[in-house]
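Chain A is the first sequence line, chain B the second, and so forth, proteins listed ahead of strands; every chain is numbered from 1.
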There are 2 protein chains.
Amino acid sequence: MQSSQWTSDLHWVREGKQDRSRKTQAKLLDAAEDLFAEHGIDGATMADIAAAAGCSIGAFYHHYRDKRALQFALFDRYATMFEKTNRIALDPARWEGARIADIVQSYVQVSIENDRMRPGQRRAATELGRVEPEIRSHVLKLRAMMDTGIRELLLARSDEIGHSDPELAISFVLDQLGSMIRTRVHEPEMPTRFASQPDEQFFAETVRSVCAYLQVDPPSH
Amino acid sequence: MQSSQWTSDLHWVREGKQDRSRKTQAKLLDAAEDLFAEHGIDGATMADIAAAAGCSIGAFYHHYRDKRALQFALFDRYATMFEKTNRIALDPARWEGARIADIVQSYVQVSIENDRMRPGQRRAATELGRVEPEIRSHVLKLRAMMDTGIRELLLARSDEIGHSDPELAISFVLDQLGSMIRTRVHEPEMPTRFASQPDEQFFAETVRSVCAYLQVDPPSH
DNA sequence: ATTATCTATAGATCTATAGATAATGC
DNA sequence: ATTATCTATAGATCTATAGATAATGC
C-alpha cells in the first residue's frame with residue numbers, strides 16, 4: 001500500500017526497518033541543520049546535504065518525500081526539544097522563593113547556553129517559519145508559551161517592582177532580553193566593542209540594566 | 001571599446017545616454033530593493049525584478065552586467081544615504097549643550113524613523129553583506145563610523161554617568177539600542193505584547209531603561 | 001545613427017525519479 | 001525477500017545572451 005509508505009503522524013519521513021535507516025536519517029537532519037543555518041534553505045542543495053551526511057541523493061529521497069519534508073522533520077526535532085526545556089525551566093515550583101533578579105539572571109544564562117549548543121537549530125527554524133505558514137504558526141505558539149511562562153513568574157513578584165507600571169515594564173523587559181540574546185548568539189551583525197566581551201560580562205550588565213529599569217534589588221549572590 | 005561600456009568608478013552600471021536610462025535604472029533598483037527584502041536575494045528572480053520595474057529582462061541586462069552588479073549598485077545607494085544622514089546627525093556642534101538622555105532619545109527616534117522610511121534597504125544591505133565580502137567590509141565600516149560618532153558624543157558627557165564604568169556602560173547601551181531598534185523595525189520575529197505598543201511608548205521605555213542603567217537624569221522636556 | 005527595449009532561447013543548476021546494485025536480517 | 005543505497009538523468013527553473021524591433025535626439 002503506497003499511502004502508508006510514510007509514517008502517519010510524521011507523514012514526511014519513512015519509518016525505517018533497519019538500523020541503518022535511523023542513522024542515515026539522523027545524519028541527514030544534522031547535515032541539513034548546519035547547512036540551512038549557514039547558507040539558508042535555498043542555498044543548501046540536496047547534493048550538499050547528501051554529501052555532508054555521507055550518503056547519496058537517492059538515499060535521501062528514500063527516507064524523505066522531498067526537501068520540504070526534511071524541513072518539517074528538522075523543525076519537529078527542534079520543537080520537541082524547545083518545549084521540553086521550557087517546561088522544566090519555567091516550572092513555578094522550581095522558582096519557589098526566588099526573586100526577580102535571580103530569575104532574570106538564570107533566564108539569560110540558560111537561553112544563551114541553550115542557543116549556543118545548537119546554533120543552527122533556531123536559525124533554521126526561523127527561516128523555515130518564513131516560508132512555511134504551518135511551521136510559522138507553530139513557532140509562534142512555542143515562543144508564546146515561553147513568553148507566558150516567564151511573564152507569569154515575574155508577574156507573581158510584581159510587588160518587588162518599583163516601576164510605576166509593572167505589567168508594561170515586564171513586557172518591555174522580555175522584548176529587550178529576547179532581542180539582545182538573539183543578537184548576541186545568532187545575528188551579531190558586526191563585531192561591536194561590547195560583543196567581544198566575555199559572556200559573564202554580558203550576563204552581569206544585562207541583569208544590572210533590567211534591575212535598574214524595573215527598580216528591583218540586584219541578584220542575591 | 002568594450003571595457004568602457006561600464007562606468008569607471010561604478011563599474012557595474014552602464015552610463016545611460018538618454019533620459020529613459022536613468023528612469024529605468026532607478027525603477028530596477030527600487031524593485032530589487034523591495035523584492036530582495038521580501039524574498040531574499042535568491043528568492044527574487046530576474047523575471048520578478050524586471051516585471052516589478054515594468055521592463056523586460058533584456059532591458060535589465062542592458063543596464064547592469066549581471067545580478068551581482070545590481071546588488072552593488074543597490075548597496076551603493078544605501079551607503080551614500082546612510083553616511084550622509086549620520087554625518088549630519090552626529091555632528092558634535094549639533095549637540096552643543098545637550099545631555100545624555102536627550103541624545104539617546106533623539107538617536108532612538110531618528111533611527112527608527114529612518115529605518116521605517118525605506119524598510120527594504122537595510123535588510124537588503126545586510127543580506128548582501130552575507131554573500132559579498134566586499135560589501136560586508138563596507139557595511140562594517142559604515143556601522144563602525146556611526147558607532148564611533150555616537151560613542152564620542154556620550155563619552156564627552158561621562159561625568160553625567162553614575163555607572164561605575166562609564167566606557168563599558170556606553171558600549172553596552174549602544175549594543176542594547178542597536179539590537180532593540182533592529183528587532184522592532186526589521187525582524188519582529190513574533191508579535192509580542194510590547195511590540196504592539198505604539199512607537200511613543202517604545203521610545204519612552206527605552207530611554208527610561210537607558211537612563212536607569214547609566215544613572216543619568218531623564219530627558220529635559 | 002545611436003541608444004534602449006523586447007522576444008526567444010541557450011546553458012547552467014537544482015530537484016526529484018527510475019532502474020540497477022548492495023546490504024540486512026528472518 | 002526485503003530494505004537501503006547508488007548512479008545516471010529527466011524535467012523544471014533561473015541567469016544571461018543573441019538578434020530583431022522601437023524610441024530618442026543630433
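- With rounding to the nearest 0.5 Å, the separation of CG in A/Asp91 from CD in A/Glu96 is 9.5 Å.
- Summarising the geometry of B/Phe75 relative to B/Val139, their closest heavy-atom pair is CE1-CG2, 3.4 Å, with the distance given to 0.1 Å.
- Counting heavy atoms from C-beta outward, A/Phe194 and B/Leu174 have side chains that stay 4.5 Å or more apart.
- If you take CZ of A/Arg22 and P of D/dA4, they are 11 Å apart, rounded to a whole angstrom.
- Atom pair B/Leu70:CG and D/dA16:C1' shows a separation of 14 Å (rounding to whole Å applied).
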Show the atom names and distances, to 0.1 Å, of all donor-acceptor pairs under 3.5 Å that link a side chain in residues 45-56 of chain B to residues at least two apart or in another chain.
| unit_1 | atom_1 | unit_2 | atom_2 | d |
| --- | --- | --- | --- | --- |
| B/Thr45 | OG1 | B/Ala47 | N | 3.4 |
| B/Thr45 | OG1 | B/Asp48 | N | 3.0 |
| B/Thr45 | OG1 | B/Asp48 | OD1 | 3.4 |
| B/Thr45 | OG1 | B/Asp48 | OD2 | 3.1 |
| B/Asp48 | OD2 | B/Thr45 | N | 3.2 |
| B/Ser56 | OG | B/Gly58 | N | 3.4 |
| B/Ser56 | OG | B/Ala59 | N | 3.1 |

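- Note on B/Arg184 versus B/Asp199: salt bridge recorded, some NZ/NE/NH1/NH2 to OD/OE distance being below 4.0 Å.
- With contacts defined as side-chain heavy-atom distances shorter than 4.5 Å, the pair A/Arg151/A/Ser171 qualifies.
- What separates NE2 of B/His63 from C1' of D/dA16 is a distance of 16 Å, to the nearest Å.
- Under the rule for a salt bridge (Lys or Arg N to Asp or Glu O under 4.0 Å), the partners of A/Asp30 that lie at least two apart in sequence or sit in another chain are A/Arg77.
- When rounded to the nearest whole Å, the span between NE2 of B/His62 and P of C/dT7 equals 16 Å.
- Between B/Phe60 atom CZ and C/dC6 atom P there is a gap of 14 Å when expressed in whole angstrom units.
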Contact state string [nucleotides 19-26 of chain C, B base, S sugar-phosphate only, - no protein heavy atom under 4.0 Å]: ----SSS-
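- For A/Phe72, the ring-ring contact (aromatic ring centres under 6.0 Å, His included) partners at least two apart in sequence or on another chain are A/Trp12.
- A/Ser179 and B/Arg182 are not linked by any side-chain donor-acceptor pair at a separation below 3.5 angstrom, with hydrogens and angles left out of the test.
- Using modelled atom types, one finds a donor on one side chain and an acceptor on the other under 3.5 Å when comparing A/Glu205 with B/Tyr213.
- Between the NZ atom of B/Lys23 and the C1' atom of C/dA4 there is a distance of 14 Å, given to the nearest Å.
- Residue A/Thr24 is the one, among A/Thr24 and B/Lys67, whose nearest nucleotide of DNA chain D lies closer to the 5' end (criterion: closest heavy atom).
- Only A/Cys55, A/Ser56, A/Gly58, A/Ala59, listed by number, bring a heavy atom of residues 34-59 of chain A to less than 4.0 angstrom from any atom of DNA chain D.
- Classification of A/Asp147 and B/Arg193 as a salt-bridged pair fails, no side-chain N sitting under 4.0 Å from a carboxylate O.
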What dot-bracket string describes DNA chain D from 5' to 3', counting Watson-Crick and G-U wobble pairs whose defining distances are under 3.5 Å, with [ ] for crossing pairs and | for pairs to another strand? ||||||||||||||||||||||||..
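- In this structure, OH of B/Tyr61 is placed 15 Å from P of C/dC6, rounded to the nearest angstrom.
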